[in-house]
Every structure is written in C-alpha cells, then in structure tokens.
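Following: one structure in structure tokens, then a few remarks.
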Amino acid sequence: LKVEGFGSASPEPASPSLVDIKLAALSKNNIVTSPSGLPAARYLKERFGTDYECGYPFLGDELVKRALSGEFKGKKVLIIHQLIAAMELRNRILKGTDGDCEVDCATWFSRSKSLVPDDITDAIMLREEDDLIQLAVRGGYDHIIADAAMKRALRSFEGEFISFTHFAVSGKEESHG
C-alpha cells in the first residue's frame with residue numbers, strides 16, 4: 001500500500017487493538033477490502049469525516065498480470081468472491097481488454113444492503129450450490145475465477161477455471177505473490 005501512496009496500513013481487522021481502533025479515527029482515508037468493513041467505514045465517514053474507498057490490493061501479481069494482459073478480450077468471465085475483491089478484479093480485466101469483455105461478479109455473501117458497496121448494482125447473489133452450477137452451465141462463460149474449492153462443483157463447466165483464493169470458502173490463506 002505504501003507503494004501506491006498510502007502512509008500506513010492498519011493490521012487485519014480480525015483482531016484490531018484498542019489503539020488501532022483509536023488510530024482509525026485519525027486516518028485521512030480508509031481502504032475497505034471486505035464488505036464486512038463497510039459499516040465501520042461509513043460510521044467513521046459520518047462521525048469524523050474520514051473518506052473511504054473500496055478496493056482489494058491483495059489480488060496477487062500473477063492474477064493482476066493475467067487480468068491486464070488482454071487475454072480475456074472478447075471473452076465472457078465469471079468471478080466468484082466477496083464483492084469488493086470481485087469488483088477490483090473485474091475492473092482490472094476490463095482495463096486490460098479496453099472494455100471488450102463481459103465480466104459478471106457473483107457472491108455467496110453480503111445480501112444486506114449495509115454490506116454492499118454503493119456502486120455495486122449488478123452482482124449475482126448465489127444462495128446454494130445449484131445456483132452456481134446452473135449459472136456456470138447456462139452462463140456461456142469462457143472463464144470462471146473462484147476459489148479452488150468450488151472447482152469440484154463445476155465439473156460440467158467446459159471453460160477455463162482460474163483459482164482465486166477466498167479464505168471464507170476454503171479456509172486457505174490468500175497468496176499475495
């Protein structure tokens with residue numbers, strides 16, 4: 001984050017200390033990396049005027065390289081992840097293809113309006129495994145980008161499956177390499 005011009009970054013929100021919470025109010029800008037952080041960011045904005053933006057700087061070098069390479073030009077892509085991560089990757093793919101790509105984002109999480117970023121209006125909300133299977137089969141996707149744990153449910157998908165780790169799905173840590 002420092003490379004992108006941010007002075008400091010707070011630790012993972014799973015276990016912030018009281019000092020971390022106090023320091024959050026002093027921040028000039030917060031980066032919300034998960035929908036669960038939106039209520040806190042909105043509160044800090046309302047209470048202290050702290051701006052925030054949604055973004056996901058943890059895509060990993062290889063995934064970003066592929067997204068920006070143009071290899072998805074003219075293709076149809078489905079990204080399944082939490083919405084902020086999915087939208088960040090979608091934006092990179094669209095940039096890499098100059099917009100010549102259809103990219104859908106789907107999630108199992110964040111149906112609550114308070115947990116959906118304001119600029120996300122077109123996400124596909126999955127309720128059960130059958131929803132995923134039908135979407136993959138009927139969607140006409142060339143690529144599905146999702147946690148490797150979902151690959152088994154997508155045996156009838158004939159396109160390319162690209163792994164994008166999601167801790168809430170597989171329990172595996174994300175690779176930031």
Side-chain angles (χ1 to χ4, degrees), residues 1-16 24 27 29-38 40-41 51-110 115-126 132 135-136 139 141-154 157 159-177:
L1 292 175
K2 288 182 181 181
V3 171
E4 306 229 4
F6 293 94
S8 64
S10 66
E12 293 288 324
S15 59
S27 297
N29 188 34
N30 286 312
I31 300 173
V32 180
T33 60
S34 172
S36 64
L38 279 170
D51 289 328
Y52 70 91
E53 61 185 274
C54 293
Y56 196 79
F58 312 115
L59 294 175
D61 293 343
E62 188 61 34
L63 196 53
V64 169
K65 183 179 174 183
R66 286 190 74 179
L68 295 174
S69 72
E71 78 172 83
F72 300 108
K73 194 173 194 93
K75 304 290 184 177
K76 189 169 181 184
V77 179
L78 174 63
I79 303 168
I80 306 166
H81 210 284
Q82 54 97 337
L83 288 178
I84 293 173
M87 296 305 285
E88 181 76 23
L89 182 54
R90 176 168 90 168
N91 291 342
R92 301 281 180 108
I93 290 171
L94 291 172
K95 181 179 179 182
T97 62
D98 295 323
D100 184 14
C101 180
E102 185 177 339
V103 185
D104 292 333
C105 297
T107 189
W108 304 97
F109 309 99
S110 305
L115 297 178
V116 176
D118 297 330
D119 61 340
I120 297 178
T121 58
D122 59 348
I124 299 166
M125 299 297 185
L126 301 169
L132 171 62
L135 180 62
Y141 296 102
D142 299 296
H143 306 276
I144 293 181
I145 304 172
D147 191 278
M150 292 186 198
K151 190 173 184 176
R152 188 171 177 186
L154 299 172
F157 172 63
E160 179 187 16
F161 184 92
I162 301 168
S163 182
F164 181 19
T165 304
H166 187 184
F167 182 80
V169 173
S170 65
K172 295 182 179 175
E173 292 291 327
E174 298 174 37
S175 171
H176 303 298

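Every heavy atom of this structure was used, including side-chain atoms; hydrogens, water molecules and symmetry mates were not.
Across every non-hydrogen atom of Leu154 and Leu132, the tightest pair is CD2-CG, 3.7 Å. Asp147 and His166 get closest at one heavy-atom pair: OD2-N, 2.7 Å. Here the shortest heavy-atom pairing between Pro35 and Gln82 reads CD-OE1, 3.1 Å. Nearest heavy atoms, Phe164 versus Ile145: CB-CG2, 3.5 Å. For the residue pair Gly37 and Val32, the shortest heavy atom distance occurs at C-CG1, 3.8 Å. The shortest non-hydrogen separation linking Gly55 to Glu88 is CA-OE1, 3.5 Å.
The backbone N or O of Lys76 sits less than 3.5 Å from a side-chain atom of Asp142, completing a donor-acceptor pair. No donor-acceptor pair under 3.5 Å is formed between the side chain of Asp98 and the backbone N or O of Asp100.
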Does the pair Val103 and Leu89 meet the rule for a side chain to side chain contact (heavy atoms under 4.5 Å, CB included), with working shown?
CA-CA 10 Å; Val103 185; Leu89 182 54; over 6 Å; no
Could you walk me through whether Thr107 and Met125 pass side chain to side chain contact (heavy atoms under 4.5 Å, CB included), step by step?
CA-CA 5 Å; Thr107 189; Met125 299 297 185; 3.5 Å; yes
After noting the C-alpha distance and the side-chain angles of Trp108 and Met150, does the key distance pass the side chain to side chain contact (heavy atoms under 4.5 Å, CB included) rule?
CA-CA 12 Å; Trp108 304 97; Met150 292 186 198; 3.1 Å; yes
Under the side chain to side chain contact (heavy atoms under 4.5 Å, CB included) rule, what do Leu135 and Asp104 come out as? Steps first, then yes or no, please.
CA-CA 10 Å; Leu135 180 62; Asp104 292 333; 5.6 Å; no
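For NZ of Lys73, the number of neighbouring non-hydrogen atoms (other residues, nucleotides, ligands) closer than 6.0 Å is greater than 12.
Atom CD of Glu102 is separated from atom OH of Tyr141 by 7.0 Å, given to the nearest 0.5 angstrom. Taking OG1 from Thr165 and CG from Leu59, the interatomic distance works out to 11.5 Å, rounded to the nearest 0.5 Å. Atom OG of Ser34 sits about 9.5 Å away from atom NE2 of His81, to the nearest 0.5 Å. Here the CD1 atom belonging to Ile84 is positioned 4.5 Å from the CG atom belonging to Leu38, to the nearest 0.5 angstrom.
In this structure, His143 and Phe72 have perpendicular ring planes: the angle between them is above 60°, well past the 30° mark.
Salt bridge status for Glu62 with Arg66: absent, with no side-chain N to carboxylate O gap under 4.0 Å.
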